Amino acid sequence: MATLSTNETVPNPSLVNQAELQNPEHGFPENFGAGPLGRLLFWIAVSFSTFQIITSFGIPLDRPLIAGLTLAHFFATALVVWGAWLALAFSRGRSAVDDAMALVAILVAFGLAIRFGGGVPSQVVRALHVGFLSLVAGAMIANHRATTPSLRAVGWVIGLVGFVVGLYHWGLYYELVNRAGELTLVDRVIGIAALAVLFFLVWQVMGIALPIVAGIFLLYCLFGHLLPAPLDHRGYSLDQVIEHMAFGTEGIYATPTLVSATYIFLFILFGAFMEKAGVIDFFNDISMAVFGDKQGGPGKVCVASSALMGTVSGSGVANVVASGQFTIPLMKRFGFPAAFAGGVEATSSMGGQIMPPVMGAVAFIMAETIDVPYSKIVEAAIVPALLYFGACYFAVHLEAGKRQLRGLPKSELPSAREELRKKWFLIAPLGVLVYLLFAGYTPLFAGAIGLSLTAALILGTAISAGLAVPALRVAFWVGLALVSAASLAASVTLVLVVLAALAVWSSLSGRGRLTLEQCVEALADGARQALPVGLACAIVGIVIGTMTLTGLGTIVGTWMISIGKDNIFAALVLTMIFSLILGMGIPTIPNYIITSSLAAPILLQLDVPLIVSHMFVFYFGIMADLTPPVALAAFAAAPMAKESGMKIGVQAVRIALPGFIVPYMAVYDPTLMLQPVPGLEGAAYWLAVVYIVFKTSLALLLWGAAAAGYFRGPLVWWERVLAIGAAALLILAVPITDELGLALAAIVAGIHLWRTRHKPQVT
């Protein structure tokens with residue numbers, strides 16, 4: 001048995017070695033570097049986020065608001081007042097360099113957006129998005145990895161070249177549209193520079209794997225005509241390839257980049273603001289309160305908190321880093337082996353990517369890609385997600401039972417009721433987000449409102465704390481709620497006006513200014529966190545562009561379909577392997593974009609339902625982050641577990657078995673994802689749903705017990721073999737196997753319960 005003694009404390013994440021807190025998705029520390037260059041990069045990141053907010057929110061800067069005055073007039077007036085205040089500060093001898101950089105950052109974002117008045121064209125948004133990503137990535141490389149001033153200068157120059165490419169599209173947008181397909185010499189130079197800078201930055205930020213994949217596709221465009229049939233194509237000139245890949249909306253500025261510049265960035269910012277608001281700590285406290293005293297308590301806390309964090313996070317690996325520094329040391333101290341503790345964290349954190357409502361923002365992208373309502377995506381995902389986390393929870397329960405690990409003492413745990421009473425409002429923006437999504441609003445609108453409300457919550461909390469009289473605090477929150485509701489009913493622009501008023505109010509007090517700084521830091525953090533996803537989406541566009549230019553997707557699809565017509569299981573296995581390979585080391589969203597573009601259409605042509613086919617490739621893309629040899633999530637957990645990433649990956653695969661089984665079962669029985677089945681309606685349909693969920697749960701329970709070698713007591717070798725056999729029979733979609741599986745499961749359970757009938761149980 002093991003418990004934490006009363007004089008032991010829960011590990012404090014802030015005390016974890018900062019070197020261990022490098023983001024494993026891009027390998028940089030969670031800061032912008034020291035000195036003036038660090039502050040400069042910080043404000044560039046803020047400018048990036050500000051520009052993305054203006055374009056994502058769809059704010060019409062030239063629409064009259066009051067007496068013919070537009071939002072652009074108000075912005076310009078505010079910037080002039082700000083500049084005058086800075087000039088006054090300089091004249092009085094005060095140092096205001098940081099404030100000056102802040103002003104320039106906002107001025108740049110405003111200037112880039114105002115040129116197009118009613119709305120920045122999509123092509124320009126995409127190009128500037130990649131340009132900002134390049135500038136931030138190049139500067140991060142310079143500030144954190146350069147060992148000499150000359151190398152630091154090279155990093156900044158490469159980033160600036162990438163940004164200039166974006167400015168080229170911004171400045172010459174109308175001219176480029178008018179002469180589309182006719183490249184000038186400068187166009188060629190810009191196009192080659194865009195590709196070269198992107199390949200270099202992705203290589204430096206995310207490793208060599210993705211540039212190799214994209215490079216092979218790019219070479220296929222140029223030299224594929226030399227290959228034998230059926231792999232050959234008609235041949236394309238260098239100008240045609242540059243035009244396709246670096247201009248227009250088919251290559252690096254294809255749909256993945258559009259998605260990154262809108263949905264993804266917005267929800268990354270939403271997660272960054274939620275973290276600043278204290279939502280992660282709130283989820284950890286609630287999980288500790290509810291599950292901490294159960295058998296294997298810390299492990300179950302890890303599963304629960306990761307599931308909750310998955311509702312707002314856009315990255316499973318980020319989940320590992322954020323919660324793992326708390327949960328992994330706690331699990332190890334409690335008595336779990338280091339590899340198992342890391343495996344639980346990696347598995348449950350990646351599971352957050354399949355947990356509605358956000359699903360790493362893939363839910364919104366999938367809804368747009370296959371043109372189905374968002375609510376249908378959530379319906380399809382909810383049962384598999386619950387099965388996944390149920391299996392993770394059960395794996396922890398069995399491992400704790402095998403090691404006789406009791407729960408934590410109640411006296412050391414927070415009170416769930418008290419935490420909810422004090423902090424319930426922290427999840428209000430998430431509730432509003434979910435409501436808007438299910439009410440039929442677009443993900444962009446819902447995300448914009450969710451982000452705005454989170455920022456209002458952060459600022460309002462600081463303002464409220466400065467009000468000494470309780471009645472005033474109540475009146476403030478009631479008034480803020482009413483004003484927010486009224487502005488929400490009117491337009492997003494008025495929501496931002498409310499936010500601006502709160503920001504001005506906050507700037508008038510010391511506590512408010514600190515909170516305002518937190519919001520600015522969240523803007524910068526969001527830009528930094530967007531690096532791996534945004535760069536990956538841009539380079540993935542080369543893969544998409546190759547398929548649209550050469551028809552490669554049709555060639556691969558025809559081959560896979562020819563296999564599937566004779567043996568759909570073989571086609572599913574090949575698709576799984578395909579998705580696992582493509583998904584290795586790639587963030588969730590570009591991962592889905594690649595696999596859904598190449599593999600999902602194949603399954604659809606094999607009569608797999610539309611949503612199920614996309615969920616199939618999405619789940620295996622997620623599992624790639626747990627599967628050795630890459631196992632990005634497992635290696636992210638390794639420094640905190642102080643264990644080999646490979647050993648953690650092996651444990652993660654064992655725990656994450658549902659992620660491998662459920663997609664197959666859903667293909668053969670779509671009711672597992674609540675999909676319609678011809679001939680089944682009403683009560684008969686829901687009876688089929690209950691049966692498939694029961695059968696799947698039983699199979700996962702048997703498999704989990706066999707993997708752990710423990711149920712009510714230790715399982716002998718033949719019990720484990722029979723349990724695996726029963727689970728396999730339940731999973732197989734062959735006549736009579738269900739009956740045989742249920743019978744064998746009953747025999748195994750009966751024998752084991754009889755054999756261990758006198759064993760006292762751990763609670």
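Just so we're clear, the structure is a prediction, and the values are computed from it rather than from any experiment. Values below: every heavy atom of this structure, side chains too, minus hydrogens, waters and symmetry copies.
- A cation-pi geometry, defined here as NZ or CZ lying under 6.0 Å from the six-membered ring centre and within 45° of its normal, does not hold between Arg39 and Phe32.
- Residues Phe282 and Leu420 form a side-chain contact, since some pair of their non-hydrogen atoms from C-beta on lies under 4.5 Å apart.
- Taking all atoms of both residues into account, the shortest heavy-atom contact from Leu457 to Thr461 is O-OG1, 2.7 Å.
- Of all heavy-atom pairs between Gly450 and Pro429, the closest is O-CB, 3.9 Å.
- Taking the six-membered ring where the residue is Trp, the centroids of Phe265 and Phe48 are separated by under 6.0 Å.
- Scanning both residues, Pro256 and Val540, for their nearest heavy atoms gives CG-CG1, 4.3 Å.
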Using distance only, find each side-chain donor-acceptor pair of residues 120-138 under 3.5 Å and give its atom names and separation, not counting sequence neighbours.
| from | atom 1 | to | atom 2 | distance (Å) |
| --- | --- | --- | --- | --- |
| Ser122 | OG | Arg126 | NE | 2.9 |
| Ser122 | OG | Arg126 | NH2 | 3.0 |
| Gln123 | NE2 | Gly248 | O | 3.3 |
| Arg126 | NH1 | Tyr253 | O | 2.7 |
| His129 | ND1 | Gln52 | OE1 | 2.7 |
| His129 | NE2 | Ser260 | OG | 2.8 |
| Ser134 | OG | Val130 | O | 2.9 |

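- Taking 4.5 Å as the limit, some side-chain heavy atom of Val104 sits within range of a side-chain heavy atom of Val108.
- To the nearest 0.5 angstrom, Cys302 atom SG is 9.0 Å from Asn284 atom CG.
- Counting heavy atoms from C-beta outward, Ile141 and Leu201 have side chains that approach closer than 4.5 Å.
- Minimum heavy-atom separation, Gly526 to Leu269: CA-CD2, 3.8 Å.
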Using the rule given for side-chain contact (heavy atoms from CB on, under 4.5 Å), can you reason through Gln204 versus Arg145, listing the C-alpha separation, both sets of side-chain angles and the distance that settles it, and then say yes or no?
CA-CA 10 Å; Gln204 292 298 308; Arg145 295 181 185 169; 4.0 Å; yes
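- Residues Ile252 and Ile539 are not in side-chain contact: their nearest non-hydrogen atoms beyond the backbone lie 4.5 Å or more apart.
- Across all their heavy atoms, Ala522 and Ala272 have their closest contact at O-CB, 3.8 Å.
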Could you walk me through whether Lys423 and Asp285 pass side-chain contact (heavy atoms from CB on, under 4.5 Å), step by step?
CA-CA 11 Å; Lys423 300 179 182 178; Asp285 289 341; 3.7 Å; yes
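- Between the side chains of Asp98 and Trp43, at least one donor N or O sits under 3.5 Å from an acceptor N or O.
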Can you check side-chain contact (heavy atoms from CB on, under 4.5 Å) on Asp525 and Glu275, steps first, answer last?
CA-CA 10 Å; Asp525 288 345; Glu275 184 176 351; over 6 Å; no
Evaluate side-chain hydrogen bond (donor to acceptor under 3.5 Å, both in side chains) for Trp156 paired with Asn143, printing each intermediate quantity in order.
CA-CA 9 Å; Trp156 276 93; Asn143 288 3; 3.2 Å; yes
In sequence, state the C-alpha distance, the side-chain angles, and the governing distance for Ile53 and Leu523, and then conclude on side-chain contact (heavy atoms from CB on, under 4.5 Å).
CA-CA 10 Å; Ile53 287 174; Leu523 288 174; 3.6 Å; yes
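- The list of salt bridge (Lys or Arg N to Asp or Glu O under 4.0 Å) pairs with a residue in residues 512-521, not counting sequence neighbours, reads Lys276-Glu521.
- Contact of the Ser287 side chain with the Val301 side chain is registered, since non-hydrogen atoms from C-beta on lie closer than 4.5 Å.
- In this structure, Ala113 and Phe51 approach most closely via the heavy-atom pair N-CE1, 4.3 Å.
- For the atom pair Ser47 OG and Ile106 CD1, the distance stands at 6.5 Å (nearest 0.5 Å).
- Note that CG of Leu451 is 12.0 Å distant from CD1 of Ile268, once rounded to the nearest 0.5 Å.
- Note that the OG1 atom of Thr327 and the CE atom of Met288 stand 10.5 Å from one another [nearest 0.5 Å].
- Under a 3.5 Å cut-off, the side chain of Arg115 and the backbone N or O of Trp170 do form a donor-acceptor pair.
- Atom NE2 of His144 is separated from atom CG of Leu41 by 7.0 Å, given to the nearest 0.5 angstrom.
- Side-chain contact between Thr55 and Thr262 is absent, with no heavy atoms from C-beta onward closer than 4.5 Å.
- Looking at Phe163 and Ile44, their side chains never come closer than 4.5 Å, going by heavy atoms from C-beta outward.
- How far CZ of Phe110 is from CG of Leu107: 8.0 Å, rounded to the nearest 0.5 Å.
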